[in-house]
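Structure record follows, encoded as structure tokens.
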Amino acid sequence: MTLQSVLDELRQRPGKGEVIPVIDPVTEEQITEFTDCGPEAVDDAVARARAAFEAGVWHGLPDRQRARIMWRIADLMDQHAEEFAQLDSLNTGMPIEQARMIVPTCAEFFRYYAGWCTKVNGTAHEVQMEGGVSGEFAEMHAYTLKEPYGVVGLIFPWNGPIFNACAKIAPALAAGCSSVVKPAEETPLSALLLDRLITEAGVPDGVVNLLNGYGHTAGAALVAHPDVEKIAFTGSTEVGKKIVEASAGNLKKVMLELGGKSPVLIYDDADLNMAIMMASMGIFVHSGQGCVCGSRIFVQRGVYDQVVEGIATIANSLKLGGPKEEGSNIGPLISQKQLTRVMGYIDEGKRDGVEVVTGGHRLDRRGYFVHPTVLTNVDRSARLYREEIFGPVVTVLPFEDDDEAVALANDTSYGLAATAWTTNLSRAHRIAKRLQAGTVTLNSQLVFDHAVPFGGYKQSGWGHEFGREGVEAYLQTKSVWAQL
Ligand code: NAD
């Protein structure tokens, strides 16, 4: 299977809307294009998913058989790992080594969730119910069933194309749902290859249905569709709110994995070399286009200057460039739109008098590259301090003690992730309780495991992915009562 065949297949997919170009963010040139699928295609995909669900072609299979098919998807992904890496690297500009590291983790979603096919179960309850006619207890047997929602819409962004696809499709399959999948319009390539492999592995027709189109067309039609029971969405908080509104028609359930403005606390007793390195990579990796990127760093006063200098030194040592450029370790932003957005925040900050320790400009070359940027002397009401930038831009501010550190960290409408670097273990665990975030990392950053739940506090989301919670997100609970 060649890369060209994926590009060609995308171009040939039927559609009824605008022609959408797929742009290489390194060269700013067009890689391929596709036609927005249009509203009828959304109706058709939902109808196919519904028919497959009602016929029980997937959730009606023995659990073990579904698990085996999911393992086969993972094995096929391993066999095509290099193509996935090449596609995501081409589409996002991320270094090829980074893309190669991510693909096995993506395949593993199918193995991890294959295991859940045979482990989803309810609970049993022996109930003595008060209030019989003559005051006696009625003996009841009650139990719960975990049932797939039915048809679910899976919508996700461009920042980790194959990762985001697998993180949603695998648990939906394990739960027995039929899905309609809409990848980001910027990054449709790897999902197309995955779709082929899902079919090749033996998932029956209609169980997974891929749509290509814009968010405001295909995505919005899917969210508003009356025959979709649940939407699992990863993306910005702004669009997350639109999804909540648009899903009200049939009160469909909604899971949201949204944005962040994650704080990183560095105490004066931390392993500073490690903290500086990881806090730097925690914002600059993938040009800051990661939901858990630590974009607000707070440093205890005594080591503040040292940490600012250390982070700036690392920022200056990173080599930006495309996957084919020797030695490059950081790629570009995804699009002209993101470049304009990120530079808009930086320029506004400069006008407001922030101190640019390093960076603050795009590279003087083709491609959407922004120099890793370290800002200090930031007003805490500034937009760049309060809003998610999703670029390689970090603010660094000092703090005196635990109370101030926690107050600064929690002063945000987001609550996706938070980090503390300190060798004082009691303090670390005390702080972990006080940080308002769905994921807290202690003396570590950029951690992930399929089994550990992930979700946002505050405006960073509703519900969880990964782990048991991840499969339960696609299951509803039925209580059955029987009089004994
Ligand atoms: P986005 O919200 O603009 O788009 C995400 C997806 O939603 C895309 O597929 C898009 O086409 C679709 N979409 C857009 N408008 C829609 C609408 N009205 N109805 C239905 N679908 C619509 O986000 P983005 O800019 O592509 O991605 C960056 C954002 O994703 C950041 O905010 C980042 O924090 C977030 N993100 C969160 C997580 C997480 O797990 N919490 C992970 C990765 C990215």
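Whatever order the structure lists them in is the order used to number ligands and atoms, beginning at 1. Numbers for residues simply follow the sequence, beginning at 1.
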Where on [X] is there a heavy atom closer than 4.0 Å to ligand 1, on the side chain, on the backbone, on both, or on neither?
| X | answer |
| --- | --- |
| Asn159 | side chain |
| Leu258 | backbone |
| Thr234 | both |
| Phe156 | backbone |

Are any of the N/O atoms on Lys182, whether in the backbone or the side chain, positioned under 3.5 angstrom from an N/O atom of ligand 1?
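Among all N and O atoms of Lys182, at least one is under 3.5 Å from an N or O of ligand 1.
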Using a 3.5 Å cut-off on N or O atoms only, is Gly215 in polar contact with ligand 1?
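Yes: some nitrogen or oxygen of Gly215 is under 3.5 Å from one in ligand 1.
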Evaluate the side-chain proximity of [Y] to [X]: yes if any heavy-atom separation is below 4.5 Å, no if none is.
| X | Y | result |
| --- | --- | --- |
| Lys146 | Thr477 | yes |
| Leu173 | Trp58 | yes |
| Cys166 | Met77 | yes |
| Leu154 | Tyr474 | yes |
| Arg365 | Leu320 | no |

On a heavy-atom basis, I'd like to know which of [options] is closest to [atom].
| atom | options | result |
| --- | --- | --- |
| atom 40 (O) of ligand 1 | Tyr414, Tyr214, Phe454 | Phe454 |
| atom 26 (O) of ligand 1 | Phe163, Trp158, Phe390 | Trp158 |
| atom 2 (O) of ligand 1 | Ser236, Gly456, Ser247 | Ser236 |

For Thr340 and Gln336, run side chain to side chain donor-acceptor pair (under 3.5 Å): C-alpha distance rounded to whole Å, both residues' side-chain angles, the deciding distance at 0.1 Å, then the answer.
CA-CA 6 Å; Thr340 307; Gln336 177 63 51; 3.1 Å; yes
Going by a strict under-4.0 Å cutoff (protein heavy atoms only), does atom 4 (O) of ligand 1 have a neighbour on the protein?
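Protein heavy atom within 4.0 Å of atom 4 (O) of ligand 1: absent.
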List ligand 1 atoms under 4.0 Å from [X], heavy atoms only on the residue side.
| X | value |
| --- | --- |
| Leu416 | 41 (N) |
| Glu185 | 10 (C), 11 (O) |
| Glu257 | 37 (C), 38 (C), 39 (C), 40 (O), 41 (N) |
| Gly259 | 32 (O), 34 (O) |

Mark the output for Pro183 as yes if a heavy-atom distance to ligand 1 is under 4.0 Å, and as no if none is.
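Yes.
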Protein contact to atom 34 (O) of ligand 1 [nearest heavy atom, distance to 0.1 Å]:
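The protein heavy atom lying closest is Glu388 OE2, 2.6 Å.
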Atom 36 (N) of ligand 1 - nearest protein heavy atom and its distance
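Protein heavy atom with the smallest distance to atom 36 (N) of ligand 1: Cys291 CB, 3.7 Å.
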I'd like to know if the side chain of Glu18 pairs up with that of Tyr214 as donor and acceptor (distance under 3.5 Å, no hydrogens or angles considered).
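Indeed, the side chains of Glu18 and Tyr214 share at least one donor-acceptor pair under 3.5 Å.
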Just checking, any donor-acceptor pair under 3.5 angstrom between side chains of Thr187 and Asn91?
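No, no side-chain donor-acceptor pair sits under 3.5 Å.
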Do Phe454 and Phe448 have ring centroids that are under 6.0 Å from one another?
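Judged by ring-centre distance (under 6.0 Å), Phe448 and Phe454 do not meet the cut-off.
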